[in-house]
Amino acid sequence: MSITIDRNLAMELVRTTEAAALGAAPFMGRGDKNAADQGAVNGMRTMMASVHMSGIVVIGEGEKDEAPMLYIGEEVGTGEEPEVDIAVDPIDGTTLLSKGMPNSLSVVAVGERGSMYYPPHIVYMNKIAVGPEAAGVIDIRASVEENLGRIAEVKKMRVQDVTVVLLDRPRHAELVEQIRAVGARIKMISDGDVAGSLLAASPGTGVDVLMGIGGSPEGVISATAIKCIGGAIQCMLWPRNDGERDLAIQAGLDLDQVLTQDDLVKSDNVFFAATGITDGELMQGVHYTADGATTESLVMRSRSGTVRRVLATHRLRKLKEFAAVPFD
């Protein structure tokens, strides 16, 4: 990829997440996750077709039979160079959106062709993610006490002041007890794995580390963002049952391997874009005005380390005429 293409591609990608957010936002609080997801997919896919790239969806809405659009293996973009892998999550936090809760996002990540890791049949990973200050001290194989102690030391904090974000799930009961035993603070989130990683890696959020078991696709998308921000993520595959374990072994996956951001996304030339759907700590969500809507997005590029915050005003009637995107 040339530098010129890099810059154009980064800014084109944010239009896809804006379109997904605008397509999903009308369903906020309506309790219909499927309709919200379809609205986001429709908007993202329509805009993705105009991006100057030859993309293959590596992480998407599922296999072709399960997802008619943005399915794994789907070719997207104009077909021109550069050749890239695409990871999409039209709504990170579908449940959050359906309930009108904070921190639902639309996200897309792009890396050079063949660079993104996709573990077939393994839905979950155990993860730990931090920002740049603690990037060199975490070890997912170490104890909770040791990791939090190291993070506190390099950030010049007391362990009691370290904040851990994790998904509120029964599977984390033991982890919660271990964190409490050390004396650290806990921020529970009901959904939104990518948002959790971004909170942990970004400055000024009040969150120091993400821990726990979350989605494998979200791990790869998070790794792309973290490569841009400069933090670190470590993951280990987490089969839910013996069936998944057997499938992983048959596929040649090493369940004891620690996967870093460089394993999850091998390219050092990656891009990440996210647009808020509902308001949250990271970004404002979609806000409606008399003749349209406003959005707030993050656009990141690893080669330069640039993180842009994009505030946009959309006149929806003009957009529907121009781009044929169903923003209803």
Side-chain angles (χ1 to χ4, degrees), residues 6 9-18 20-21 44 55 57-60 84-93 103-112 115-118 125 127-135 138 165-167 189 191-205 207-212 214-235 259-277 280-283 295-310:
D6 285 356
L9 187 59
M11 296 310 295
E12 285 182 67
L13 288 173
V14 74
R15 294 169 58 232
T16 71
T17 56
E18 288 174 345
M44 179 173 281
V57 177
V58 176
I59 292 171
V84 296
D85 285 350
I86 308 284
V88 300
D89 195 349
I91 304 177
D92 176 52
N103 287 323
S104 65
L105 311 172
S106 173
V107 298
V108 62
V110 171
E112 293 169 309
S115 64
M116 287 186 171
Y117 179 79
Y118 172 67
M125 294 176 174
K127 310 173 189 178
I128 181 169
V130 292
E133 292 171 291
I138 57 170
V165 64
L166 70 159
L167 288 167
I189 55 175
D191 293 277
D193 209 352
V194 175
S197 294
L198 285 171
L199 285 170
S202 301
T205 65
V207 174
D208 302 291
V209 55
L210 170 129
M211 289 183 167
S216 295
E218 289 82 357
V220 177
I221 294 172
S222 297
T224 307
I226 286 171
K227 293 193 81 162
C228 298
I229 297 170
I233 185 170
Q234 295 180 4
C235 304
L259 299 163
T260 69
Q261 62 269 17
D262 292 325
D263 298 306
L264 297 171
V265 187
K266 296 184 183 300
S267 173
D268 289 323
N269 193 15
V270 299
F271 312 93
F272 175 90
T275 300
I277 307 175
E281 288 106 324
L282 292 165
M283 289 166 281
T295 57
E296 183 175 9
S297 306
L298 291 174
V299 185
M300 307 182 192
R301 176 184 173 212
S302 67
R303 177 175 283 178
S304 63
T306 302
V307 178
R308 291 182 172 90
R309 192 170 290 271
V310 178

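This structure is a prediction, so every number in the text was calculated from the model and none was measured.
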Are [X] and [Y] side-chain neighbours, meaning at least one heavy-atom pair lies under 4.5 Å?
X: L210; Y: L166; result: no
X: V265; Y: E112; result: no
X: M300; Y: L198; result: yes
X: M44; Y: V88; result: yes
X: V209; Y: I128; result: yes
X: Q234; Y: L259; result: no

Could you tell me whether a side-chain N or O of [X] sits under 3.5 Å from a main-chain N or O of [Y], the two making a donor and an acceptor?
X: S104; Y: G93; value: no
X: D85; Y: V110; value: no
X: K127; Y: D193; value: no
X: T295; Y: E18; value: no
X: S302; Y: C228; value: no
X: T224; Y: V220; value: yes
X: S202; Y: L199; value: no

Could you state the interatomic distance from [atom1] ([X]) to [atom2] ([Y]), rounded to the nearest 0.5 Å?
X: D89; Y: D92; atom1: CG; atom2: CG; value: 5.0 Å
X: I189; Y: N103; atom1: CD1; atom2: CG; value: 7.5 Å
X: S216; Y: Y117; atom1: OG; atom2: OH; value: 8.0 Å
X: R303; Y: N269; atom1: CZ; atom2: CG; value: 4.0 Å
X: I59; Y: Y118; atom1: CD1; atom2: OH; value: 8.0 Å
X: I91; Y: T17; atom1: CD1; atom2: OG1; value: 12.5 Å

Open item on the list: Just by distance, no angles: are the side chains of S297 and T275 close enough, under 3.5 Å, to form a donor-acceptor pair?
Closed with: yes
Open item on the list: Assess, by modelled atom type and distance only, whether the side chains of S267 and S115 contain a donor and an acceptor separated by less than 3.5 Å.
Closed with: no
Could you tell me which non-hydrogen atom of [X] sits nearest to which non-hydrogen atom of [Y], and how far apart they are?
X: A135; Y: G231; result: CB-C, 4.0 Å
X: L264; Y: G219; result: CD1-O, 3.8 Å
X: G215; Y: E218; result: CA-OE1, 3.2 Å
X: A129; Y: I233; result: CB-CG1, 3.9 Å
X: I86; Y: G55; result: CG1-CA, 4.0 Å
X: A20; Y: P90; result: CB-O, 4.1 Å

Open item on the list: Under 4.0 Å between a side-chain nitrogen and a carboxylate oxygen: does that hold for K227 and D268?
Closed with: yes
TODO: Determine, step by step, whether M116 and K266 satisfy the side chain to side chain contact (heavy atoms under 4.5 Å, CB included) criterion, reporting the C-alpha distance in whole Å, the side-chain angles of both residues, the deciding distance to 0.1 Å, and the verdict.
DONE: CA-CA 7 Å; M116 287 186 171; K266 296 184 183 300; over 6 Å; no
- [ ] Please test L298 against R308 for side chain to side chain contact (heavy atoms under 4.5 Å, CB included), starting from the C-alpha separation and ending with a verdict.
- [x] CA-CA 6 Å; L298 291 174; R308 291 182 172 90; over 6 Å; no
